[in-house]
Each structure stands twice: as structure tokens, then as C-alpha cells.
S.K.: 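Here's a structure for you.
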Protein chains: 2
Amino acid sequence: MDTTTDPFADRDTANCSIARTLEVVGEKWTLLVLREIWYGSSRFTDLHRMLGCPRNLLAERLRKLVEHGILATEPYQEDGARSRSRYAITPKGNDLVPAVLGLLQWGDRYRADPAGPAVLTRHRGCGGSLSVQVRCEHDHHVRATDIEATPGPGFRTRTNPVTKSDQAPGQTA
Amino acid sequence: MDTTTDPFADRDTANCSIARTLEVVGEKWTLLVLREIWYGSSRFTDLHRMLGCPRNLLAERLRKLVEHGILATEPYQEDGARSRSRYAITPKGNDLVPAVLGLLQWGDRYRADPAGPAVLTRHRGCGGSLSVQVRCEHDHHVRATDIEATPGPGFRTRTNPVTKSDQAPGQTA
DNA sequence: CCTTCTGGGTTTACTTTTTATACTCAGGTG
DNA sequence: CACCTGAGTATAAAAAGTAAACCCAGAAGG
């Protein structure tokens, strides 16, 4: 590792989209709440029964997911009952599917039940089983070892809060 | 939701590959440790400096990742120094790339710096930028709303710990 | 041989999250 | 009016995370 010329060695690690995503969905239960909603639950009590998590945490997680526009509440009414609200996934929430399916795929490969995966995912209609893939814009399959990370437009170093194109290399700590 | 015929309504939610994956990599800092290693760090001190996380947590996370075969330690030696060990990602660890890139992609879309993503990922060689995609085995692009989940071979209900075709009902716990 | 330095941790005291369980509140039903 | 249900709040105890000090092995200097 050449730390003197690698711009990453001095980058501002707080400015990271992985970290920012985890700030929203990285707490315990959050991704599992979404899982249950994808699997068909939508009401507080159902989510609580399926997850077995503390009720206050469930309430808090739902609030945060709604705040961030990943879930939306919509009113519903069972007859002979007052109107209540339930939780539905939004398109922004659905954009988390590749990430979560990536976790599912890894778990299926390395940590599934001896009998096999508990859940199979299929393309509705065509019925084909799914996989999460990394592709480049020329549609090549990209293996982990063929990924190259470079500074983007929002890149910042620790010492230089904003990196513009004419930026001189910063010094190490 | 028809809870009387939906097998998912009574499924054993603990038997889930998403949950099992999160047991390994779902704790705070774990995925960020992997991020740093993908970005090029490998030594304890470098990881600690980049992440700014508590040293004991870093040690614990590294231990767990090694235990699970996601990282491996390998000895290295700078001259005039004793041999130490550093951390390298394994193929099993690299299989987490789609999931993590999924998180990155979501963060880039919804929570990036106003200037744009801090980091660009490219296909080495071809240079094309990357995307994480869900595809079916017939290579169709699959949108979140076109995903269907069905019970797989390891499927269990709460009341039936193991679901085989001929299974008699067992007791819980 | 003794002291100091460095990388790679461990210990400890403290704060924040999570957990479990009890309680509340707004309608609707008998 | 008492009671039930879904959807939460409140609260106390346990677990996880944090910050900062401490430790240890070997190399280097004196």
C-alpha cells in the first residue's frame, strides 16, 4: 500500500454513501422490518408478532423509516373497527431491494439451513430464480476483484473539506 | 392479506438468511471495516485511524470476521520490524460485495453529498461504472415489485420446526 | 542490559441502545 | 358502562458501544 500517493488514505471517511445508508437502515431490526413488509405484513401488530422485537423499537424504527420516506402510512379500515394506519413500502424503500437481496443471497450461500434456503425468490411471471449481480454500464459481469474505486465529485480529504479538480495532494495526519 | 392460506404468516421468522447474515455483519462498524479493507487498508492501526471507532470494537469485529472466514490474517514484515499480521478479504468476504454495493448505490441515490458521490466504482479495464442489479436466471431485469417469495426446502413454520412433505407436528422450543 | 518506541491489541469506567414488560388511549361492541 | 382490540408509550434492567488509559513483544539506541 503506497500511502503517499493513494488519495484514499487521507479521505474523509465520514463522507460515504455506505455509512449514510447504514445511518438510516443499519440499526437492529430495521432491515427485518422491511423484510416483513416485503413478505406481506403491514400492520403494527403483525410486524410485532412476526419479528418478536420490542414494541417501542418497532415503533421507533417505523417512525424513522416513514420520516425517511422508505415507508408510508396509509389508512385502512376493517369493518366494525375504526380507521387505523398501516405501513407500505415506497419506491425509495423498494430501491433497497438489491442490497437486502444481496444479504439474502450471501446468507443462502453460507449460512442457510442444512435443508436449504427457507425462502425462494422468483421473477413473477417468468418464474426464474433471482440473483443479485454487479454489472458495469457495458453490461459486463463484474467480480469483486475487478472493482476499482476512485474519488468522485463529492470526494473530500480530512484536511481539505472540499476537493475540486485542481486540488493539491494533502499530507497525512 | 389472506392470513389463513398464506404460509408466510406462520413461518419461522428466525430461519432467515437475511437475519443470519446480519448476525455476522450487522453490528455497528462491521461493514465499514470491510469497506476500508476493500479500499486498501489492512493493518489494525490503519483501520482504526480511518474508521475512528473504539479500538476494542475494531479488535472484536476483526476477530469475528476472521472466525467467520470473511477475513484472513496473514503475516507481514516491514524491514526492521518484527512480523505482524494484517487482514485480507477472502472470497467469502468478497461475496458480500453485491450487498454492500447495494447499500452504496442507495446512498448515492438518496443521501449523497450535494456535489455527488464521494467514491466512484468502475469495472477495472473497461472503466464502465457499476450498478447492482437483480436478475432472474433468464437474465431478465427484475424490479422489486416483480419479485415473488415462496417457501423453499428449509422452510419451517412456528409450529412445525422442520417442514418436510411428510412431517408430523413437533413441539415448540 | 536498560530504556524507549511502535504496532496491535486489552481493560475499565461510562454512555447509549436494546430488551421485556407494564401501562395508556381511542374507538367499537355487548 | 364495562370490556375488548390495535397501536402505540413508559420504564427499569441488560447488553452494546465509546473513550481513554494501560499492556506486551520485539526492535533500536545508548
Side-chain angles (χ1 to χ4, degrees), chain A residues 1 3 9 13-14 19 22-37 40-67 71-88 172-173, chain B residues 1 3 9 13-14 19 22-37 40-68 71-88 173:
Chain A
M1 194 61 38
T3 48
T13 50
L22 290 174
E23 277 165 27
V24 181
V25 299
E27 289 160 307
K28 205 166 177 186
W29 298 108
T30 300
L31 255 14
L32 301 181
V33 169
L34 293 177
R35 175 195 72 187
E36 284 314 312
I37 291 178
S41 295
S42 65
R43 285 139 37 154
F44 188 91
T45 301
D46 289 342
L47 291 167
H48 179 246
R49 183 175 47 82
M50 297 308 282
L51 292 167
C53 73
R55 303 169 69 80
N56 57 344
L57 269 202
L58 177 56
E60 207 175 280
R61 296 301 183 258
L62 289 168
R63 197 171 347 187
K64 186 166 178 180
L65 287 167
V66 169
E67 249 170 43
L71 296 180
T73 52
E74 44 181 53
Y76 77 100
Q77 192 150 203
E78 273 174 357
D79 47 34
R82 76 186 143 128
S83 167
R84 302 173 190 284
S85 62
R86 67 178 159 202
Y87 299 90
T172 22
Chain B
M1 193 63 38
T3 47
T13 49
L22 289 174
E23 277 165 28
V24 181
V25 299
E27 290 161 308
K28 205 165 177 186
W29 297 109
T30 301
L31 255 16
L32 301 181
V33 168
L34 293 177
R35 176 195 72 188
E36 285 312 314
I37 290 177
S41 296
S42 66
R43 285 139 36 154
F44 188 92
T45 303
D46 289 342
L47 291 167
H48 179 246
R49 184 175 47 83
M50 297 308 282
L51 292 167
C53 72
R55 302 168 70 78
N56 56 343
L57 273 202
L58 177 56
E60 209 175 279
R61 297 301 183 257
L62 288 168
R63 196 170 341 168
K64 187 167 178 180
L65 287 167
V66 169
E67 250 170 43
H68 283 278
L71 296 180
T73 51
E74 43 181 54
Y76 77 100
Q77 192 150 202
E78 272 174 357
D79 45 33
R82 75 186 144 128
S83 166
R84 302 172 189 283
S85 62
R86 67 178 159 201
Y87 299 90

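Chain A is the first sequence line, chain B the second, and so forth, proteins listed ahead of strands; every chain is numbered from 1. All values below come from the heavy atoms of this structure, side chains included, with hydrogens, waters and symmetry mates left out.
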S.K.: Hey, what do you get for CD1 (Ile37(B)) to CG (Asp46(B)), rounding to the nearest 0.5 Å?
M.R.: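 CG of Asp46(B) is found 10.5 Å from CD1 of Ile37(B).
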S.K.: Considering only heavy atoms and no angle criterion, is a donor-acceptor pair shorter than 3.5 Å present between the side chain of Arg55(A) and the base of dA7(D)?
M.R.: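 Counting by modelled atom types and ignoring angles, a donor-acceptor contact under 3.5 Å is found here.
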S.K.: Going by heavy atoms in the side chains, are Arg43(A) and Tyr76(A) under 4.5 Å from each other?
M.R.: yes
S.K.: Residues two or more places apart in sequence or in another chain: which of them pass salt bridge (Lys or Arg N to Asp or Glu O under 4.0 Å) with Glu67(A)?
M.R.: none
S.K.: Measure NE2/His48(B) against P/dA21(D) and give the value in whole Å, please.
M.R.: 13 Å
S.K.: Could you list, one pair per line, each protein nitrogen or oxygen that sits under 3.5 Å from a nitrogen or oxygen of nucleotides 23-26 of chain D, together with the distance?
M.R.:
unit_1	atom_1	unit_2	atom_2	d
dA25(D)	N3	Arg82(B)	NH2	2.9

S.K.: In whole angstrom, give the distance that lies between atom CG of Leu47(A) and atom P of dA7(D).
M.R.: 9 Å
S.K.: OP1, OP2 of dA7(D) versus side-chain N and O of Tyr76(A): anything below 4.0 Å?
M.R.: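 For Tyr76(A), the contact criterion (side-chain N or O under 4.0 Å from OP1 or OP2 of dA7(D)) is met.
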S.K.: Would you mind reading off the distance between Arg43(A) atom CZ and dG8(D) atom P, rounded to a whole angstrom?
M.R.: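 Going from Arg43(A) (CZ) to dG8(D) (P), I get 12 Å.
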S.K.: Can you tell me the distance, in whole Å, between the CG atom of Leu58(A) and the C1' atom of dA10(D)?
M.R.: 16 Å
S.K.: Could you report the tightest heavy-atom contact between Gln77(A) and Ser83(A), atom names first, then the distance?
M.R.: OE1-N, 3.6 Å
S.K.: Under the criterion side chain to side chain contact (heavy atoms under 4.5 Å, CB included), which of Glu36(B), Arg35(B), Lys28(B) is the partner of Leu32(B)?
M.R.: Arg35(B)
S.K.: Less than 4.0 angstrom between a side-chain N/O of Lys28(B) and OP1 or OP2 of dT18(D), yes or no?
M.R.: yes
S.K.: Can you check the Leu57(A) CG to dT11(D) C1' distance for me, whole Å?
M.R.: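 Rounded to whole Å, this separation is 14 Å.
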S.K.: Is any side-chain heavy atom of Thr30(A) closer than 4.5 Å to one of Val33(A)?
M.R.: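 When only atoms from C-beta onward are counted, Thr30(A) and Val33(A) do not touch, as no gap falls below 4.5 Å.
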S.K.: What's Arg61(A) touching, base or sugar-phosphate or nothing? Going by heavy atoms closer than 4.0 Å.
M.R.: sugar-phosphate
S.K.: Would you kindly compare Asn56(A) and Asp79(A) by the position of their nearest DNA chain C nucleotide and give the one closer to the 5′ end?
M.R.: Asn56(A)
S.K.: I'd like the 5' and 3' limits of the part of DNA chain C contacted by chain A, with heavy-atom contacts below 4.0 Å.
M.R.: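 Contacts span dT18(C) to dT29(C), reading 5' to 3'.
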S.K.: Considering just the side-chain nitrogens and oxygens of Trp29(B), establish if one lies under 4.0 Å of OP1 or OP2 belonging to dA16(D).
M.R.: no
